[in-house]
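First comes the structure, then the notes that go with it.
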Amino acid sequence: MKTVAAALRAATQTLGAGSDTAALDAQLLLAQVSGRGRAWLLTHGDWPLTPPQARRFSALVARSARGEPLAYVRRRQAFFDRDFHVSPAVLIPRPESEQLLEQALAHTLHDFSGTVADVGTGSGALGIAFAALRPRARVILTDISPAALAVARVNARRHGVWPTFLQGDLLDPLLARGERVDLLLANLPYVRSADLPGLEISRHEPWTALDGGAEGMDLIRRLLEDLRCVSQPGALVLLEIGMQQGAEALRLARALRPRQAQVYQDLAGLDRVLRVDL
Ligand code: GLN
C-alpha cells in the first residue's frame with residue numbers, strides 16, 4: 001500500500017512540470033482527499049493510504065497537472081482568511097480584491113446598519129465577508145449568472161450570513177426594486193475582449209466574469225451611468241479595475257460630479273480600485 005510520503009513524492013514530481021509550488025499543491029490535494037491537515041500529513045509520512053484514497057488522490061493530481069486551477073480541483077479558495085466554495089461557474093477570488101474589502105471595512109463601523117450591494121458577486125466572497133464582519137448591514141448580492149448565485153448561496157450558509165440574492169444584469173435588479181444603497185462593491189469583468197484568448201485565466205474561469213468588452217470598461221461604464229439611480233446621497237462606491245484603466249475610470253466617475261473620486265494602487269503598484277464618494 002502506498003504511504004503518505006510516497007504519494008506526496010510522486011505527486012510533487014508529476015506537478016513539478018507545471019507548478020512552482022508542486023510540493024505544497026500535492027499536500028493540499030492530499031489534505032483534501034484524506035481529511036487531514038498538512039501538518040498531520042508531514043508528520044505521518046509512513047501512514048498508508050487506503051486504495052480509494054490513493055485513487056482519488058491520483059485523479060485530483062492528474063486534473064491539476066493538466067492545468068486546472070487548484071481552487072477548482074479543491075473546490076475551495078481562501079479569501080480574507082475565510083474558506084469559500086468555488087466552482088468553474090465563478091471567478092476564483094483573488095488577493096487583489098481583499099484591498100477593496102479592506103477599504104469598505106475601514107469606511108464602516110462594526111455596527112454599520114446600512115444597505116450594501118455586491119454587484120456581480122460571483123462566489124460572493126466580497127459581500128459575504130463584509131456581511132460576516134458587519135453583522136447589522138443589509139447585504140444584497142447580485143449576479144447575472146444563476147449558477148454563480150448558487151455558489152454564493154453555499155458560501156452565505158457556510159459563513160452564517162443571510163444576504164438577499166438577486167439575479168440580473170448589473171444594476172437592473174436594484175433598479176427594479178427601487179433599492180438605494182449606502183455602499184456598493186463590485187469586481188466586474190474588466191479584461192479587454194481581445195486579450196482574453198491569450199490569458200491563462202480564460203482557459204478555465206468563466207468568460208462572463210472576465211470579458212469587459214473592447215477596452216474592458218463596458219460594464220464599469222454602464223454601472224457608473226446608472227449609479228445615481230440606486231445610491232443614497234453620500235454613498236461610497238468601490239470598484240475593482242484593471243491596471244490600465246485608472247485614468248478612464250476617473251474620467252467616468254468625475255462625470256457624476258461626486259464629492260470625491262480616487263484610484264488606489266495594489267501592492268504591486270498597479271491601479272486596482274476606483275473609489276467614488278457620491
Ligand atoms: N483578476 C483578473 C485579472 O486581473 C480580472 C478579473 C476581472 O475581470 N474582474 O486579470
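In this text, all values refer to a predicted model and were calculated from it rather than measured experimentally. As the structure lists them, so they are numbered: ligands from 1, and atoms in each ligand from 1.
- Side-chain heavy atoms closer than 4.5 Å link hydrophobic residues (I, L, V, M, F, W, Y) into clusters, and following such links, even through other members, never connects Val273 to Leu239.
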Glu240 vs Ser97, side-chain hydrogen bond (donor to acceptor under 3.5 Å, both in side chains): CA-CA, chis, key distance, verdict = CA-CA 7 Å; Glu240 186 166 322; Ser97 307; 2.5 Å; yes
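- Using a 4.0 Å cut-off between charged side-chain N and carboxylate O, Arg222 and Asp169 make a salt bridge.
- Salt bridge Glu96/Arg94: absent, no basic N to carboxylate O contact under 4.0 Å.
- Between the side chain of Arg259 and the backbone N or O of Leu278, at least one donor-acceptor pair lies under 3.5 Å.
- Between Glu68 and Arg74 there is no salt bridge, since none of the side-chain N atoms of the basic residue sits less than 4.0 Å from a carboxylate O of the acidic one.
- Listed by chain and number, residues touching ligand 1 at under 4.0 Å (heavy atoms only) are Leu91, Asn187, Leu188, Pro189, Tyr190, Val191, Ile201, Ala209, Leu210, Arg272.
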